[in-house]
Amino acid sequence: MRTLHFVFVLFLAFVPYSCKKDSDRRIRKFHRQDVGSSANDILSDKKYKSITIEIIYMTGFQPTDQAVENLKQLVTNVCNKPEGIHVVLREIVAQGKSSYSIEDVKTIENDNRQEFTYKKDLATCFIFLDGPSAENEGSAMVLGQAYFNTSMVIYEKSLKDNAGGFGEPELYKLESTVINHEFGHILGLVNLGSTMYSSHQDTAHGAHCDNTDCLMYWEVETGNVFNNLIGNSPVPAFDENCLRDLKENGGR
Ligand SMILES: [Zn+2]
Ligand SMILES: [Zn+2]
């Protein structure tokens, strides 16, 4: 009788713990897939009815309200999310590193991300850093990178260093251009999870669009975009080919 009692107590204590661990692992695993692989989940309302955008920024490197508003507008325009878009802003301590590798970024996400896809809500994670990318080479700059199916990093320090001054674009325009471009990759552009309806991939530059005016043109995520945003020039938008691909993959 004593033995039986002991086994029963052990069983009760063990089961909930292991269930919780397994579901944590499953949830985290969902967010570690290739860029573009969740495009249909993000675009359509088949599985997920709403989207949560968690913006994790290092102290002093919060994106402008206008850029966040532009992002919400873009999501509203292209994604079928009848239950809405929720933005969660989370400030974290600035690490002050001279540069960040993608491995550094993944560690920062792992340590700080709190929003995960749950039931009918799909969660995404956008990280804003206080330093440049470790992949910069001379004047060739990496301003942002999508690195998992729901994750992107924006090198906000590089944006701030190149915005707002004489002959430089306004900060919110630069932010919107890079954030929206990286979101385009997460939405499977170009040919990265959203199948091309008609051929428009600039294969020499990977998953980018061949239209120099399109938001998904390759130079948009490099330093070469600066000059195009000065003055009254608008933030680039998806061209017809890119919009068509999103629509065909469940978008609106
Ligand atoms: Zn790109
Ligand atoms: Zn395009």
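Atoms within a ligand are numbered from 1 in the order they appear, just like the ligands themselves.
- Lys81 places a side-chain N or O within donor-acceptor distance of the main-chain N or O of Ser44, the cut-off being under 3.5 Å.
- The aromatic rings of Trp218 and His205 sit parallel, their planes meeting at an angle under 30°, below the 60° perpendicular limit.
- A donor-acceptor contact closer than 3.5 angstrom is absent between the side chains of Thr52 and Glu115.
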Task: Worked check of side chain to side chain contact (heavy atoms under 4.5 Å, CB included) between Leu129 and Ile108 - done: CA-CA 10 Å; Leu129 298 183; Ile108 292 166; 3.9 Å; yes
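- In this structure, Lys106 forms no cation-pi arrangement with Tyr147, as its terminal cationic atom is not both closer than 6.0 Å to the ring centre and no more than 45° off the ring axis.
- The SG atom of Cys242 and the SG atom of Cys209 meet at the Zn ion (ligand 2) at an angle of about 120°, given to 10°.
- Metal site remark for the Zn ion (ligand 2): Asp239 contributes an N, O or S atom at a distance under 2.8 Å.
- The Zn ion (ligand 2) lies at 2.8 Å or more from every N, O or S atom belonging to His200.
- Ring-centre distance between His208 and His181: below the 6.0 Å cut-off.
- Any protein N/O/S atom under 2.8 Å from the Zn ion (ligand 1) was counted, giving 5 altogether.
- Between Glu156 and Lys160, none of the side-chain N atoms (NZ, or NE/NH1/NH2) sits under 4.0 Å from a carboxylate O, so this pair counts as no salt bridge.
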